[in-house]
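Below is one structure; the comments refer to it alone.
Numbered from 1 within each chain, the chains take letters A, B, ... in sequence-line order.
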Number of protein chains: 2
Amino acid sequence: MKALVLTAPQGPQSATVTERDTPVPAAGEVRVALKAAALNHRELWVSLGQYPGMQLPAILGADGAGVVDAVGEGVDADMVGREVVLYPAANWGDNPDYPSPEFGCLGMPYPGTLAEYICVPADAVVAKPAGLTFAEAAAIPLAGLTAWRCLTTKGNLKAGEKVLITGIGGGVAIQALIFAVAMGAEVYVTSGAQDKIDQAVALGAKGGVVYKQEKWGKSLAALAGSVDVVIDGAPAVSFAEYSRCLNMGARVVIYGPTGGAKFQVVAPELFFRHATIHGSAMGTLDDFRAMMAFVAERNIKPVIDSQFNLDQAVDALLYLQNDHGMGKIVVNI
Amino acid sequence: MKALVLTAPQGPQSATVTERDTPVPAAGEVRVALKAAALNHRELWVSLGQYPGMQLPAILGADGAGVVDAVGEGVDADMVGREVVLYPAANWGDNPDYPSPEFGCLGMPYPGTLAEYICVPADAVVAKPAGLTFAEAAAIPLAGLTAWRCLTTKGNLKAGEKVLITGIGGGVAIQALIFAVAMGAEVYVTSGAQDKIDQAVALGAKGGVVYKQEKWGKSLAALAGSVDVVIDGAPAVSFAEYSRCLNMGARVVIYGPTGGAKFQVVAPELFFRHATIHGSAMGTLDDFRAMMAFVAERNIKPVIDSQFNLDQAVDALLYLQNDHGMGKIVVNI
């Protein structure tokens, strides 16, 4: 089969589309003939070796959708032919609060989705929602799962509450926007560019603030008042500004370090407001199933920026590395 | 009646023990003839005007225990004669997650416990545990309630988990130590002085670290490994050291600003560990009832440093203001 294989941690150009043995499903596994994959910044970090526990060579790609074409021992043969979306990780473990040491993503350490075939545990696939194409379904898993757990398990977002989502160009941020709007929340965003805020408003946001202006927290306060939940992948450049807008009982959920690792907290702002700061990363298989059920029931569509073929997968990574449009980059297979 | 009244926000010496009208219970209230009160640093902040929403003159004191001696309209007359402990605040409101704008403590804005009598809502008193003297019962409410909510509602501490309690000289810290030991946790402490760590070990702690040594986080790691819960009233001087010791799924609970308001968080440490930082302040009436039930059932005793009479209440405040021993300062009435 063809697959995008990274052999050295020297950036996207050190990955190549090459021939690999087609995997054979082990006991308890299904093999999925992939129809579409999607990119995340994770592939760039992995290609640069900037990830704990690097193991090379690796087939890249965490997001995928396709058709089951073979099953291993002990798996119902009726699964063959099913259209499915893949849980983008494996081995979370028994504790829903945090993953086990064996936890990892598809696309390093586990084989990835930028390939013609992949084998995964039979319980780690869910039915592709009928209203989504393979490309749309593949655009959801990793960013969607991260956003879902931030909003629900961690943020406990309720209809009618106000939520701030920082850096609305990013994949997690856009998916969080789409989910939060569908949940009946009042959504505000930040971005470096007004046109991305305009696109967020078209997707249902109430408004947004350009974070390149000084003291943008004051503009946010004027626009939104106080907020109940924050979904933030860039606390180093955001927390100090929005912290003045936290409501009593606010939940801040941090999922990324864009713009720097460190941020400063004012303790009395935290305890007099009875506020909470959660760290969150990806999510459990149960989170994934709950998210996909919500996607199917509410006919949620992701935002797709552009599409490539598997032969162009390195070009797709380079496109991701440069500043691109708003939404996911899909690789059709 | 006699009461300790603060008339100007100029420190403990601007409070005096004077005559005030004995209060009459309104509908739904009980009057308690106080037998003992206890001090918290809150009284010092209030005496210096360092508290939001200052209202003077004020009868100081949040902690109290005594005997019901009169009831207002609609309250069962059988309550007269009951030995009770007082919920140290009022008007939390309907949302258990955070208090309403009307929420406040006894001892400013509401009348305090450093007095011969106080009127409070009939449902805001609970039976004094039979195993405690009035002095012991009065030593628990505010510090105990704060510690209880940090450990349970916020920290979700489970038996067998490791908990770090910073600044073990403080009232909340000592009470958190006593509760955590009774809950079956493995408790570690920090203090500026080895003798306080020794006293903490006598109360059931496994060990502790003197925070005046440089890089004490490394000593903590060597002593405790990683910790599951942190109860911290001094994050500005503590967080950067213990953050390296946070376990996966750790819960840090911040309840005070001793040593400075600001602390720095490393975002990846938070999200890769799926850790949470909670702000917490006091607690609900339900938290208070649950804590007092635990105190009665487990025969919990507070640590008392020293005792004064009501006529010496200003001396007691001055003693609190200076560095004193370990435990609560009780004022017998």
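- The cationic atom of A/Arg42 (NZ for Lys, CZ for Arg) lies less than 6.0 Å from the six-membered ring centre of A/Tyr51 and within 45° of the ring axis.
- Counting heavy atoms of neighbouring residues, nucleotides and ligands inside a 6.0 Å radius, atom NZ of A/Lys212 does not exceed 12 of them.
- When each of A/Ile140, A/Leu142, A/Thr146, A/Asn40 is checked for a side-chain contact (heavy atoms from CB on, under 4.5 Å) with A/Pro88, only A/Leu142 meets the rule.
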Quick one, A/Val187 with A/Ile165, criterion side chain to side chain contact (heavy atoms under 4.5 Å, CB included). Give me CA distance, side-chain angles, the key distance, then yes/no.
CA-CA 7 Å; A/Val187 184; A/Ile165 301 170; 3.7 Å; yes
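- Here A/Thr152 contributes atom OG1 and A/Met183 contributes atom CE; the two are 6.0 Å apart, rounded to the nearest 0.5 Å.
- In this structure, B/Phe294 has its ring center under 6.0 Å from that of B/Trp148.
- How far CZ of B/Phe288 is from CH2 of B/Trp92: 14.0 Å, rounded to the nearest 0.5 Å.
- One distance of note links CG of A/Asn95 with NE2 of B/His274; it measures 10.5 Å at 0.5 Å rounding.
- Using modelled atom types, one finds a donor on one side chain and an acceptor on the other under 3.5 Å when comparing A/Thr153 with A/Asp287.
- Contacts between residues 253-268 of chain A and chain B, counted as heavy-atom pairs separated by less than 4.5 Å, involve A/Ile254, A/Tyr255, A/Gly256, A/Pro257, A/Ala261, A/Lys262, A/Phe263, A/Gln264, A/Val265, A/Val266, A/Ala267, A/Pro268.
- Looking only at side-chain heavy atoms (C-beta outward), A/His278 and B/Phe271 stay at 4.5 Å or farther from each other.
- Within residues 227-251 of chain B, the residues having any heavy atom closer than 4.5 Å to a heavy atom of chain A are B/Pro235, B/Met248, B/Gly249, listed by residue number.
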Any chance you could lay out the side chain to side chain contact (heavy atoms under 4.5 Å, CB included) test for A/Met54 and A/Val46, step after step, and finish with the verdict?
CA-CA 8 Å; A/Met54 287 294 297; A/Val46 169; 4.0 Å; yes
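- Proximity to chain B at a heavy-atom threshold of 4.5 Å picks out nothing from residues 104-112 of chain A.
- Taken from OH in A/Tyr211 to OG1 in A/Thr190, the straight-line distance is 6.5 Å, to the nearest 0.5 Å.
- Residues passing the ring pair (Phe, Tyr, Trp, His ring centres under 6.0 Å) test with A/Trp216: none are found, sequence neighbours excluded.
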